[in-house]
Amino acid sequence: MNCFASKWLVYQTFFQLSFANAPILERAMSLAMVGILAFVGALSLACFTKAVGIAFLGRPRSNAAAKAKESTTSGPDGLILAQVILAIACVMIGTSVPIALDGLAPALRHLTHDQFVIGSTLFPIPQGQLALVGGILVSSIYLFVLGGRSGDVKSYITWDCGFGPLSTRAEETGSSFSHPIGRIFSQILQLKVTTEISGKDRRHFPESVRVETFMTPILETKLYRPIMGLFDWLSASLVRLQTGSIHIHLLYVFLTMLLLVFLGTNI
Amino acid sequence: MIAINTEAILETLAFVATFLLLPPLLVGIIRKTKARFQNRIGAPLLQPYFDLMKLMSKGETISKHTSWIFRSTAAINVSLLIILAFLAPWTSLRPFNLGADLFLVIYLLALTRFFTVLSALDAGSAFGREVTLALLVEPAVILCLAAIGSVSQTSDLGVAFSFNNVSLINQPGLWFIAGCGLFLASLVELSRMPADDPTTHLELTMVHEAMILENSAANLALVEYSHFLKILILLGISSQCLLHAIPFFWHTSQLILALASILSIMILAASIAIIESVAVKLRWTKLPEFIAYSVAMSIFCVFIALSKNLN
């Protein structure tokens, strides 16, 4: 909720700029930014769904994961408590955005040189009330429609397309979740899938099937990595100049002085 | 406080009745039209209501691998969409003006999708492709609505879509393109034909249907109902855009407007059925090309909005 508030403010800034008294280029850029932000927003939606869904939901994929617990050596209650406190803080800020913005108002006044910035009016959406109404609606629907009949709920295995019980390996994994996205953006993500089928009469009765997927993000490998490599190389070679030895340092001082004297006498 | 008078009560009742009762009828219209296109008589128009009632009285089966998230998702989604129905300008008759902020509407829609995907992952099933589609149409939806908002100089959709907003009165081009763009985007968002075949029973090609495979009985009824509500809201928004493009509706009475908005939603539902009858489901890799139409329209909207505010 607090994340939505900050995002809303960013959106609103660009949006307001699009009809402000500004040059056409700036206004066009602001609407373009709204579009890009929308795309990033949808990407982050996919990312959060993946993070929550793959990490916390579904079945454990191995025995070790099934028995996973909080570490006992570092005090499990403290670990959980810290997260709970953080979550409560998020909800608190999310439901009281105007108050939080009021706290930021002095900084805003200083930055914008506008004495009339009032923090609490910047964010008009009643998030707290909306959350409350939503909570009441959810719980009432849950109680009246679903809760009353929990007696005749049967539990059964997840639908298996008729193949017999699914093993945990058939579950959605992190990479299979992002696979469709990789497919669509295969131009920049360079998704490669290799399949090996082996065994006699391997088309219909394969003995083993091996599928591997590789995703090489082209921007990262072809653009960012060389740039990062360049900086790594630069810093590695520059460090030879200054190794921390006082003698070399004195030598530099001496050489610079010589150079200056030389320049001073000749020019 | 809201002043209590008979007219306001009647309006509220009509509004609530519309958004509670219309969604299944829309699906009935879609199915009936498709059946007629295939030379079948088809199920009666009211069949979705009967289906929902039947589901409510069935015994429920859930996967033993699920947690509380799975069972509460349906309730969460229905309530999110009910809130959206009160906020979003899907019909011209809105008894309450609660301030439908553009980005709030979009993010509430995104939240419903988040929970739908989570419930699918919760059952440990192997499906969850809908987010990718959302990823592609999100910019188009936001840009169309932002262009309209930018011309009317407000991000409150309730104000931008009301029929007394002077800055938008002579913009049939903007409204028409935005309406078409939103309609194409909602085809994808609702998992209708070019993106997904809602009647398929082949798991490999399912998108939306695959995610609700595990739901049954009352839970499935809620999921279905929330999907119907989503159809109503998204089609409603695009039909409102198209209505605004016709100058006649700017100078007519409230009653005609309300009837016209309901009728236009039904016409859009029928046109979905026609599209589904003549088009084929696109391959996954071809989808961006289809969505590009919607994005292109939204960019045109942006250009119109920019030139409108030039002087």
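Order of the sequence lines fixes the chain letters, A, B, ..., with proteins taken first and strands second; residue numbering starts at 1 for each chain.
- In terms of heavy atoms, A:Leu45 sits closest to B:Ala110 at CD1-O, 3.8 Å.
- Heavy atoms closer than 4.5 Å to chain A are found nowhere in B:Ile299, neither backbone nor side chain.
- Proximity to chain A (any heavy atom under 4.5 Å) is shown, for B:Ser298, by neither the backbone nor the side chain.
- By the neighbour-count criterion of 12 heavy atoms within 6.0 Å, atom CZ of B:Phe19 is densely surrounded, having more than that number from other residues, nucleotides or ligands.
- Shown here is B:Tyr49, whose OH atom has more than 12 heavy atoms of other residues, nucleotides or ligands within 6.0 Å.
- When all heavy atoms of A:Gly134 and B:Ile83 are compared, the closest pair comes out as CA-CD1, 3.7 Å.
- Of all non-hydrogen atoms in B:Ala305 and A:Arg27, the two that sit nearest each other are O-NH2, 4.1 Å.
- Inter-residue side-chain proximity for B:Arg113 and A:Thr49 is flagged as unmet; no heavy-atom pair is nearer than 4.5 Å.
- Only the side chain of B:Leu143 comes within contact range of chain A, with heavy atoms under 4.5 Å apart.
- In this structure, chain A has a heavy atom under 4.5 Å from the side chain of B:Ile69, while its backbone stays farther away.
- Between A:Phe15 and B:Leu102 the shortest heavy-atom distance is CE1-CD1, 4.3 Å.
- Heavy-atom minimum distance, A:Ala38 versus B:Pro139: CB-CA, 3.8 Å.
- When the shell of 6.0 Å around OH of B:Tyr107 is examined, it contains more than 12 heavy atoms from other residues, nucleotides or ligands.
- With a 6.0 Å radius and a threshold of 12 heavy atoms from other residues, nucleotides or ligands, A:Met33 has its CE atom above the threshold.
- The heavy-atom pair separating B:Glu138 from A:Ala42 by the smallest distance is CB-CB, 3.8 Å.
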Residue pair A:Gln12, B:Asp101: steps toward the side-chain contact (heavy atoms from CB on, under 4.5 Å) verdict:
CA-CA 10 Å; A:Gln12 205 56 300; B:Asp101 187 82; 3.7 Å; yes
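- The OG atom of A:Ser139 sits 10.5 Å away from atom CD1 of B:Ile76, with the distance rounded to the nearest 0.5 Å.
- The OG atom of B:Ser79 lies 11.0 Å from the CD1 atom of A:Ile136; values are rounded to the nearest 0.5 Å.
- Note: B:Ser150 OG to A:Phe14 CZ = 14.0 Å, rounded to the nearest 0.5 Å.
- In this pair, B:Phe103 and A:Tyr11 present their aromatic rings parallel. The plane angle is below 30°, not in the 30 to 60° band.
- Atoms CG and CG, from A:Leu137 and B:Leu81 in turn, are 11.0 Å apart once rounded to the nearest 0.5 Å.
- Among B:Ile142, B:Ile106, B:Leu111, the residue with the largest count of heavy-atom pairs under 4.5 Å with chain A is B:Ile142.
- Note: A:Gln16 CD to B:Thr154 OG1 = 8.0 Å, rounded to the nearest 0.5 Å.
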